[in-house]
Participant: 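Structure incoming, see below.
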Amino acid sequence: MGAVSTMRAEKTETGDDVLVRVEGLRKWFPILGGVFQRTVGYIYAVEDATFNIKNAETLALVGESGSGKTTVGLMLAKLEHPTAGKIFYRNRDVGKLSSSETRWYRKRVQMVFQDPYASLNPRMLIKDTIIEVMKVHRVGGPNYYDRAVELMTRVGLSEEHLYRYPHELSGGQRQRAVLARALCVNPEFIILDEPTASLDVSVQAQVLDLLKSLQDEFRYTYLLITHNLAVVRYISDRTVVMYRGIWVESSPTRELFGRAEHPYTQALLSSVPIPEPRSNVEKQLLKGEPPNPTERVKACPFADRCPYVMPVCNEKTPPVTQINDSHQVRCWLTVKK
Amino acid sequence: MVLSRILEVADLKVEFRTYRGVVKALNGVSFNVDKGEVFGLAGETGSGKSVTGLAIQRLLPGNAVIVEGRIVFDGRDLLSLKEDEMNKIRGKEITAVFQDPHTYLNPVFTMREQFRDILLTNDREIASIKDKREIEKAVHDRIIQMLTEVQMPAPERVIKMYPHELSGGMKQRMMLAMAFSLRPKLIIADEPTTALDVTIQAQVLELMKSLQKKYGTSVILITHDLGVIAETCSRIGVMYAGRIVETGTVDSVYSEPLHPYTQGLMRALPRADKDLKVESIGGSVPDLVDLPTGCPFHPRCSRAMEICRKINPRTLNIDGRIVECHLYDGETSRGRVA
Amino acid sequence: MRELRIRELKYTFHLFFSNKLVVIGTAIVLFYIFLAVFGRLIVDAGEPYKLDLKNALKPPSFEHFFGTDDLGRDILRLIVLGAGYDMAVSIFVVAVSIAIGTVLGAVSAYLGGKFDEAFMRLVDILFAFPGLLFAMAIQMILGKSLFNLAIALIAVWWAGYARLMRGQVLAEKGKLYVRAAKSLGLPGYRILFRHILPNAIYPLLVSATMDIGGVMLSAAGLSFIGLGPTPFEPEWGSLVNRGAPFLFVAPWIMFFPGLMILLASLGFNLVGDGLRDILDPRLRR
């Protein structure tokens with residue numbers, strides 16, 4: 001593993017450390033049918049996901065159901081194999097890792113799932129769940145137990161919670177326990193799939209703040225997968241918006257909320273209910289619903305719902321337009337401008 | 001009895017008998033809903049908002065006991081009605097929209113068959129028709145009319161579909177069409193848009209608002225999402241541990257929340273429209289089997305006083321706003337008002 | 001944390017005692033175990049085949065509660081002595097079958113692919129055979145004895161557990177905690193044996209408990225048709241067999257051993273049913 005650990009993060013032209021590079025990622029799930037279980041079609045879950053994640057930043061992957069954002073996360077966690085495209089981690093092709101390198105990768109890259117209850121073994125104490133992971137990766141020994149207690153305290157739980165089964169914890173406590181399990185092997189990159197979707201508002205804020213403070217302390221890199229734009233605005237540095245498996249806009253979060261370029265991003269932002277009476281300046285309501293994922297996107301994925309649709313939108317895939325150094329959008333409107 | 005009032009819930013107490021002990025789900029819930037009003041019931045998990053909705057429809061599970069309280073709907077005391085009398089109200093005068101349409105739609109029948117059942121059992125106009133063919137025609141026309149009203153795409157095709165063939169947004173439109181088709185006086189909508197994407201949620205909420213206005217229906221909108229309430233409701237009740245701790249118009253409660261819990265909730269909410277420092281409420285929701293003495297919020301309240309640990313706060317009326325907190329009770333806190 | 005464990009335990013007891021049928025079933029099962037273990041201490045254990053032709057075919061009386069058989073042996077005494085054989089055979093067969101079935105079924109499901117396909121076809125073939133016939137054939141080859149009877153039953157029985165286990169593992173495999181374990185880099189054997197198995201095995205335990213009665217019936221059936229223990233081993237099935245020719249003269253010879261088999265089967269089924277309720281995590285919130 002010596003050769004692996006001496007690898008450096010690659011430098012881009014701008015001088016930032018890029019930890020993860022995702023290029024043209026695609027995932028089609030075959031639909032099996034008939035007597036012989038042949039492939040009769042595909043679910044086009046992810047068509048094109050392309051982005052970089054810099055060291056110690058939080059990249060938000062935003063989209064509605066069917067946008068493919070979770071599938072991207074699963075591919076990054078090496079739980080699904082991409083149909084096409086590549087993932088580079090510290091400039092290494094993740095698809096070509098040997099089995100020992102895969103172990104190295106799984107130690108550095110952790111995933112926190114949306115449903116903390118389902119992601120814990122229901123018949124294992126939290127203590128055993130955490131210590132098992134440390135033992136397998138030979139991290140934190142020889143006093144695994146002390147390390148487990150230390151982690152629990154760090155995520156806002158106590159030693160007592162180590163002796164609980166998952167069903168004996170509250171939603172917020174479970175999410176913290178899952179975080180402790182992810183942190184126990186000193187990872188670098190954590191994939192957070194809807195980390196607060198199952199939590200109540202008052203607890204959600206606690207977990208978000210915990211995530212922030214952990215990042216400040218240990219310089220973790222986060223990929224935040226969520227549909228909740230308020231959460232995105234609160235903790236992410238950059239945002240990639242996906243629609244029907246295709247990324248449509250990528251921008252620093254601050255800028256995205258100020259001036260979204262893609263009509264879908266604009267509609268998404270204006271659809272979020274704001275907890276302030278009479279704040280609805282002017283709702284931009286979208287018509288229709290995303291069509292079913294078994295039809296392949298031919299041109300612009302948003303063409304059939306877009307209020308500004310032009311003939312060209314149904315004919316050709318829009319090219320990437322650079323709004324500025326860090327803001328890209330894929331829309332014919334910006335091309336025309 | 002004020003004429004403009006459609007529903008009055010007074011001091012409702014509901015308990016669940018479980019092996020763990022008595023779960024005190026509602027501990028004295030009082031609120032009113034006016035005719036044609038959308039009333040928002042906000043709260044976190046276990047606050048009792050759904051139980052309140054079920055209690056009004058008298059659909060509580062078997063181990064639930066209504067300990068005391070009164071539910072007056074349109075001049076009738078619902079809790080004293082016999083089951084068959086209640087049946088005449090449920091599904092006609094009070095209808096429901098649920099978060100998960102799967103719990104409501106039967107997977108083995110087409111939409112037309114299910115809609116038809118609702119109309120045949122509940123609609124007086126259709127029940128009064130004698131001729132069989134006439135009935136079918138009336139039913140069909142009514143279904144198509146309702147589906148058009150909820151802006152269902154291709155209604156003639158949709159009625160031949162089974163629930164699993166509809167998308168989430170279409171199912172929720174179908175639920176709205178069914179709920180409004182009988183011209184009920186009150187609709188209880190429990191998290192109707194929680195399972196939907198934001199763009200679809202915006203559509204469905206808009207639709208619900210316009211139908212509600214058109215028919216003058218009263219709606220109780222139960223949700224955890226304060227944003228949804230702000231955009232849909234005229235008044236809000238904030239629930240905590242089986243009590244409504246604060247009630248008022250949406251304008252006043254959002255701009256100046258009185259109860260420390262409401263204040264905490266507003267501060268804990270990350271916002272999509274502006275950069276805001278979020279402050280979480282420490283601690284967690286109390287165990288309903290073992291409620292703290294005094295005010296149920298005092299263990300998490302930063303402004304808790306000695307009296308909060310001992311005595312449950314009274315219900316105070318401050319300029320038309322109702323709040324349950326010692327901070328505003330001149331007698332109990334010796335005039336200390338924030 | 002100890003309080004929590006105690007509360008959980010109390011809850012389990014509550015579930016147990018709130019179901020009357022389970023309590024009855026457990027009482028029956030305990031009674032049988034008692035008979036099997038201590039039976040030889042209660043009755044005169046020596047020489048079960050000793051003849052006493054003067055007392056042959058006596059109906060139930062105060063002297064012989066369950067009557068006597070054609071050789072004048074006390075039926076009650078034979079039944080008590082036979083309990084050990086029946087219980088030993090049933091539990092042995094189920095235990096070995098479950099061990100084989102669990103491991104093979106779990107591995108097959110976890111590996112999947114061609115191996116799984118081939119394995120399941122083998123199980124299908126076993127199922128397609130009439131089980132009793134298959135067991136008879138094995139007995140004919142291996143020779144007649146109580147141990148060979150057990151072997152024959154295992155050969156038939158394990159396939160059911162393998163199939164059940166395979167289904168369970170497949171269901172667990174799709175769950176999120178297994179995915180999480182994979183993403184944490186835990187090795188495959190560890191995921192299978194430490195994570196999936198403990199979650200998948202409970203339905204098997206339920207089914208095993210219920211099967212003890214079934215195995216007892218099958219064993220009795222085989223020995224009834226003469227494929228089983230020697231006449232000197234008072235296994236219940238063989239007792240029934242002995243009584244068959246005297247059905248109309250001395251029905252008690254068949255009746256009481258038959259009743260014992262029936263009751264055992266009932267008891268284990270009741271316990272299995274209750275176990276299912278107690279172990280069901282949905283019931284445990």
Side-chain angles (χ1 to χ4, degrees), chain A residues 37 73-80 99-130 132-139 158-169 178 181-182 184-185 187 190-191 193, chain C residues 1-12 15 106 110 112-114 116-117 120-121 168-206 275 278-285:
Chain A
Q37 291 294 295
L74 292 175
M75 286 191 278
L76 277 167
K78 260 181 99 64
L79 289 172
E80 295 286 355
S99 67
S100 74
E101 286 167 330
T102 300
R103 245 202 341 271
W104 164 85
Y105 182 76
R106 292 211 186 281
K107 192 181 138 203
R108 272 160 185 76
V109 179
Q110 294 289 317
M111 182 154 185
V112 171
F113 296 88
Q114 170 167 5
D115 183 349
Y117 183 50
S119 71
L120 289 164
N121 185 337
R123 293 194 196 269
M124 249 168 125
L125 291 175
I126 301 297
K127 172 177 77 107
D128 299 329
T129 300
I130 293 178
E132 176 183 37
V133 178
M134 287 196 275
K135 277 189 179 160
V136 164
H137 287 291
R138 298 193 192 90
V139 180
S158 60
E159 183 175 357
E160 173 213 5
H161 294 108
L162 282 174
Y163 291 90
R164 301 256 179 111
Y165 285 100
H167 74 259
E168 293 163 345
L169 297 174
V178 168
R181 177 176 68 175
C184 73
V185 288
I190 304 177
I191 303 163
D193 186 7
Chain C
M1 43 210 111
R2 262 195 67 205
E3 274 168 39
L4 268 171
R5 292 286 83 73
I6 291 170
R7 202 169 77 190
E8 196 76 357
L9 211 63
K10 272 187 178 165
Y11 185 60
T12 307
L15 282 177
Y110 192 75
K114 290 253 158 53
D116 187 37
E117 197 66 32
M120 280 334 278
R121 290 300 82 77
Q168 283 295 318
V169 170
L170 282 183
E172 291 296 319
K173 218 174 124 183
K175 291 196 178 158
L176 192 59
Y177 74 88
V178 175
R179 258 195 160 175
K182 216 170 155 190
S183 83
L184 287 160
L186 303 187
Y189 66 88
R190 217 188 156 86
I191 296 181
L192 179 58
F193 289 105
R194 279 271 293 165
H195 291 261
I196 297 181
L197 263 191
N199 280 291
I201 200 130
Y202 285 83
L204 255 84
L205 293 184
V206 172
L275 266 184
I278 291 171
L279 296 176
D280 189 343
R282 275 168 305 179
L283 252 171
R284 314 207 61 143
R285 104 209 109 220

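Note: hydrogens, waters and symmetry copies are ignored here, and every other heavy atom, side chains too, is used. Every chain is numbered from 1 and lettered A, B, ... according to where its sequence line falls, protein lines coming before strand lines.
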Participant: Mind checking the NZ-OG spacing from A:Lys78 to C:Ser183? Nearest 0.5 Å is all I need.
Facilitator: 12.5 Å
Participant: Would you name the heavy atoms of A:Arg181 and C:Ala180 that are closest together and state the gap between them?
Facilitator: NH2-CB, 3.5 Å
Participant: So what's closer than 4.5 Å to chain C heavy atoms on A:Leu125: side chain, backbone, both or neither?
Facilitator: side chain
Participant: Between CG of A:Asn121 and CD of C:Glu172, what distance do you get to the nearest 0.5 Å?
Facilitator: 8.5 Å
Participant: Measure distances from A:Val109 to the heavy atoms of chain C and classify the residue's part below 4.5 Å as side chain, backbone, both or neither.
Facilitator: backbone
Participant: Any chance CZ of C:Arg121 has more than 12 other-residue heavy atoms, nucleotides or ligands included, within less than 6.0 Å?
Facilitator: yes
Participant: Using a cut-off of under 4.5 Å on heavy-atom pairs, state which of C:Lys175, C:Arg179, C:Arg194 scores highest against chain A.
Facilitator: C:Arg179
Participant: Do A:Glu132 and C:His195 have side-chain heavy atoms sitting under 4.5 Å apart?
Facilitator: yes
Participant: Between A:Gln114, A:Met124, A:Met111, which has the largest tally of heavy atom pairs under 4.5 Å with chain C?
Facilitator: A:Met124
Participant: Using only atom types and a distance under 3.5 Å, with no angle test, would you say the side chain of A:Arg103 pairs donor to acceptor with the backbone of C:Pro187?
Facilitator: no
Participant: Name the option with the most non-hydrogen atom pairs under 4.5 Å to chain C; the candidates are A:Ile191, A:Val185, A:Val136, A:Leu162.
Facilitator: A:Val136
Participant: Taking atom CG of C:Leu184 and atom OG of A:Ser119, what is their separation to the nearest 0.5 Å?
Facilitator: 9.0 Å
Participant: Given that the side chain runs from C-beta out, which part of A:Leu79 has a heavy atom under 4.5 Å from chain C: side chain, backbone, both or neither?
Facilitator: both
Participant: Can you name the closest pair of heavy atoms from C:Gly185 and A:His137 and give their distance?
Facilitator: CA-NE2, 4.0 Å
Participant: Looking at C:Leu176 and A:Asp115, what are the two nearest heavy atoms and their distance?
Facilitator: CD2-O, 3.7 Å
Participant: Chain A heavy atoms under 4.5 Å from C:Lys182: which part of the residue, side chain, backbone, both or neither?
Facilitator: both
